Amino acid sequence: MKNNPIIPYILIMAFGIGLIFFMSLEGVGNQEEIAAEHGEGATEEGGETAGAADGEALASSCIGCHGGDLTGGMGPKIAGLDAEHIVDVLTNGIEGTPMTPGLKTGAEAEAIAEYISSLK
């Protein structure tokens, strides 16, 4: 009888899945240490830190509704809006829309607002 050629592939797949699982458990256990190494995480006040440079990365969650250049899509154009208005909407939401209260708060909301208001 010949050996079944699919068995090695199944064993390799099972090993790979197990390896990914155990590596993810290791990462979950070291989240605070990893954040400290990269200068991220909580501030003394307990809020999260986010710099202005992070605004562009954080605003990527807006692309789905407001378009790739934030000039409109399913949602309206938000590029160039007043930063205070953007922080208000991210914090308090807009009733009857997908912009629910508490989407972003604190430094994240301010970083996103700073980035979006700088766009034309």
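Heavy atoms only: backbone and side chains are in, while hydrogens, waters and symmetry mates are out. It should be emphasised that the depicted structure is a prediction, and the values quoted were computed from it without experimental measurement.
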Asker: To check you understand the geometry: which heavy-atom pair defines the closest contact between Pro8 and Pro5, and what is its length?
Answerer: CD-O, 3.3 Å
Asker: Tabulate below the donor-acceptor pairs under 3.5 Å that side-chain atoms of residues 91-98 make, not counting sequence neighbours, or state none.
Answerer:
from  : atom 1 : to    : atom 2 : distance (Å)
Thr91 : OG1    : Val87 : O      : 2.8
Asn92 : ND2    : Asp88 : OD1    : 2.5
Thr97 : OG1    : Ile94 : O      : 2.7
Thr97 : OG1    : Met99 : N      : 3.1

Asker: Would you give me the side-chain donor-acceptor pairs under 3.5 Å for residues 64-84, sequence neighbours excluded?
Answerer:
from  : atom 1 : to    : atom 2 : distance (Å)
His66 : ND1    : Pro76 : O      : 2.7
Asp69 : OD1    : Thr71 : N      : 3.3
Asp69 : OD1    : Thr71 : OG1    : 2.6
Asp69 : OD2    : Thr71 : OG1    : 3.2

Asker: Test of understanding: with side-chain contact (heavy atoms from CB on, under 4.5 Å), list the residues that count as partners of Ile6, not counting sequence neighbours.
Answerer: Asn4, Ile10
Asker: What distance do Cys62 atom SG and Leu90 atom CG have between them, rounded to the nearest 0.5 Å?
Answerer: 6.5 Å
Asker: Which pair of heavy atoms, one from Phe21 and one from Ser24, lies closest together, and at what distance?
Answerer: O-OG, 2.7 Å
Asker: Under a 4.5 Å cut-off applied to non-hydrogen side-chain atoms, are Ser117 and His85 in contact?
Answerer: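 No, every pair of side-chain atoms sits at 4.5 Å or beyond.
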Asker: In the hydrophobic clustering that connects Ile, Leu, Val, Met, Phe, Trp and Tyr at side-chain heavy-atom distances below 4.5 Å, which members other than Met13 occupy its cluster, ordered by chain and number?
Answerer: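 Result for Met13 is Ile17.
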Asker: Rounded to the nearest 0.5 Å, what's the gap from CD on Glu110 to CG on Leu58? Could you check?
Answerer: 12.0 Å
